[in-house]
K.L.:
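Attaching a single structure in structure tokens format; questions to follow.
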Amino acid sequence: MDKIDGMTMNIEQANVEKLKEVFPEVFADGKVDFDKLQGLLGNYIATDNEKYSFTWKGKTDSLRLAQKRSTGTLRPSMADSKNWDATQNLYIEGDNLEVLKLLQTSYLNSVKMIYIDPPYNTGHDFVYNDSFADPISQYKEVTGQATRSNPETAGRYHTNWLNMMYPRLKLARNLLTDDGVIFISIDDNEQANLKKICDEVFGEDNFVAVFPWRKRTAKSDVPFGVSQDYEWIMAYARSQNFIAAIEGGTRKYFTTPDFPGRPWRIHDLTKQTSASERPKSFFTLVNPKTGKEYPANPNRTWAITKDTFEGYYKQGKIVFPDDYDFLNITQPAFRYFKDDDEKKAGEKFGCIAVSTNLPKEIGMTKDGTAEITELFEKKVFSFSKPVALLKFLISITTKFDKDAIVLDFFSGSATTAHAVMQLNAEDGGNIKFICVQLPEKTDEQSEAYKAGYTNICEIGKERIRRAGEKIKQDNKDKQGIENLDIGFKVFKLDSSNLVKWDNTPTTDVEEVKKRVQQSLFYLVEGREDIDLVYEVMLKRGLPLTSTVEECVFDGVKAFFVNSPSDKMLICLDPVTISAVEKMAESTAEVCIFADRCFADANILSNTDEILKKKDKKVEMF
């Protein structure tokens, strides 16, 4: 019976395993021979130690912080949510560093686009401090404080900002799909440093562009007489598989000798449909050259059928992972030729390139501020990005993927969520958003505070509620608008729900009795079973939008979790053999039990045997 350790994904170990897979010869006695690795990469060691590097004080510590595993969790808040049972959107309150760690297992390589508008480091807008020993304690302390600035007189003006951004970008990269992209808004204060840090995190070859965004019209009263009217939106791809699609799109093409004069690209060969929905597409693809087999996924079948495969293959429109050394794919893919793309784009749009000269229709800061002010009928938030800007960025990334996930982990007033709902209403898409925001307190003298919005999260959640209803009303005559997802599930960062045994040495008998008594209550005071269910889901790698239903087996309560990858039972109460036998007849593929479920070793071993006879995986936490 496997044991869940209650920790987030071990990123360091995962990196080691990847390296072993590609370069097993550089490992000796469990350690990496870095000189040998450099040689295999064509970088032979020279005697001259001088080389270009980008570093600052605290860089190593911030990398270590990114890879430090979290014991925290995300607690569901149904009362703050909207359409909890139906929505696929998430709003998460918490320090985004810890939240990004907690999302690693469930959302690894799952996010098509990330947009962030982080603190620009102007000296007045810096609230993150990652120097605390306990990240959860840090979070609770920060949420009880007013905004803390990062003035130039502090001595580590740029260093503090880099130490804040570096670990968050490292974790964010892991969440992007192979063809995903991140857009980062920034002004002149840290634009140069952001470019360097992104070159390191995402790779220089994956730099897409810097889009200049005009935020305002010229001002006369400015330093040196030059009005800084522009901010910058920096774009980096996760890998060379990135495809941005706006009115034809900007794509990465490959040129190979087998198709001279016909550059080509690759695209996903699967569809988000089940085997029951598309039975003819649920089959094992076989590479005719190698005989290697690629089974279909029951929840994401092939986009072709067994009958049409041969025709596509003869036309050169199917690519297998072993066909080209430079392709970083593990599954067969479609091959699209550039001339075909250009023909289609020319017919529909007249162009295939995205210009860094953004269209005027995307608006300026004043437009973003006016939008949220109109929604709330008062000025509750300043300097919001306009919805049209976010719609543009989302559309160039999700043109060919209308089921994509969009993440914003500096969510602010939730413009990204607003833009996702608006875009879905316009084109019938099903893009999902994940917004993450620190519940930073609002100024007590502000209109927002006086209106009852004591922190930024309260503004963001209310904006999504109001914007969603307005979008539906504005599009009430549009077919299918009733199915538009304008809901969101709220989760809040907190410490683990499980009581931890205090192993501090003590000779006090009463203290020992107290600890034993506390351990009988496996949940932290104030927590509920459903909190623990979602903690198990997170650590097990299930999406937070999975369906969770309470069910009873011969008097024993359990929770049935239905996700795209697993059907799972989570049981927290003491079990009986008769209850286990009924669980064995359920459709669950995995059964997870708390330690307290088993009164003795006999019940534990019998449970394991009964469930495994029914081909069910059994785990404990």
K.L.:
Quick one about Q228 and D187 (side-chain donor to acceptor, distance below 3.5 Å, no hydrogens or angles considered), yes or no?
P.N.:
no
K.L.:
Can you give me the closest heavy-atom contact between S446 and D443, atom names plus distance?
P.N.:
OG-O, 2.6 Å
K.L.:
Taking salt bridge (charged side-chain N to carboxylate O under 4.0 Å, His left out) as the criterion, tell me which of R216, K385, R214 meets it with E231.
P.N.:
K385
K.L.:
Could you report the tightest heavy-atom contact between V490 and S81, atom names first, then the distance?
P.N.:
N-OG, 2.8 Å
K.L.:
With a 4.0 Å cut-off on N to O distance, would you call K196 and D199 a salt bridge?
P.N.:
no
K.L.:
Which pair of heavy atoms, one from S106 and one from G541, lies closest together, and at what distance?
P.N.:
OG-C, 3.3 Å
K.L.:
Can you check whether M78 reaches I530 side chain to side chain, under 4.5 Å on heavy atoms?
P.N.:
yes
K.L.:
Applying the side-chain contact (heavy atoms from CB on, under 4.5 Å) criterion to Y107, which one of N174, L102, I405, L176 satisfies it?
P.N.:
I405
K.L.:
Are any of the side-chain heavy atoms of F381 and I456 separated by less than 4.5 Å?
P.N.:
yes
K.L.:
Tell me, do E535 and S496 make a side-chain contact under 4.5 Å, heavy atoms counted?
P.N.:
yes
K.L.:
For K59, does the NZ atom sit with more than 12 other heavy atoms under 6.0 Å from it, leaving out its own atoms?
P.N.:
yes
K.L.:
Side-chain contact test, heavy atoms from C-beta onward, threshold under 4.5 Å: evaluate it for E200 versus I197 and give yes or no.
P.N.:
no
K.L.:
Can you establish whether the number of heavy atoms outside E482 located under 6.0 Å from its atom CD is more than 12?
P.N.:
yes
K.L.:
Quick one: closest heavy-atom pair of K378 and A451, and the distance?
P.N.:
CD-CB, 3.8 Å
K.L.:
Decide whether D485 and T87 meet the rule of one side-chain donor and one side-chain acceptor closer than 3.5 Å.
P.N.:
yes
K.L.:
Please say whether the positively charged group of K461, taken as NZ for Lys or CZ for Arg, lies over the ring of F488, i.e. under 6.0 angstrom from the six-membered ring centre and within 45 degrees of the axis.
P.N.:
no
K.L.:
Would you check if D367 and I362 make a side-chain contact, meaning some heavy-atom pair closer than 4.5 Å?
P.N.:
no
K.L.:
Salt bridge check: are E469 and K82 linked by an N-O gap of less than 4.0 Å?
P.N.:
yes
K.L.:
Answer yes or no: is there an ion pair linking D95 with K101, defined by an N-O contact shorter than 4.0 Å?
P.N.:
no
K.L.:
Flag yes if more than 12 heavy atoms outside K379 fall under 6.0 Å of its NZ atom; otherwise flag no.
P.N.:
no
K.L.:
For the residue pair Y115 and S185, confirm or rule out a side-chain donor-acceptor distance under 3.5 Å.
P.N.:
yes
K.L.:
Taking the side chain as C-beta and beyond, is there a heavy-atom pair between R300 and D268 under 4.5 Å?
P.N.:
yes
K.L.:
Could you point out which residue of D401, T177, D179 forms a side chain to side chain donor-acceptor pair (under 3.5 Å) with K112?
P.N.:
D179
K.L.:
Using distance alone, with no hydrogens and no angle criterion, decide if R540 and S565 have a side-chain donor and acceptor under 3.5 Å apart.
P.N.:
no
K.L.:
Does the side chain of F410 come within less than 4.5 Å of P119's, by heavy atoms?
P.N.:
yes
K.L.:
Considering only heavy atoms from C-beta outward, does the side chain of M421 approach that of K470 to under 4.5 Å?
P.N.:
no
K.L.:
Taking all non-hydrogen atoms of both residues, which atom of K215 and which atom of M364 are closest, and how far apart?
P.N.:
O-CB, 3.2 Å
K.L.:
Ring centres of W84 and F491 under 6.0 Å apart?
P.N.:
yes
K.L.:
Should the ring pair F211 and F183 be called parallel, tilted or perpendicular, given that the plane angle runs from 0 to 90° and is split at 30 and 60?
P.N.:
tilted
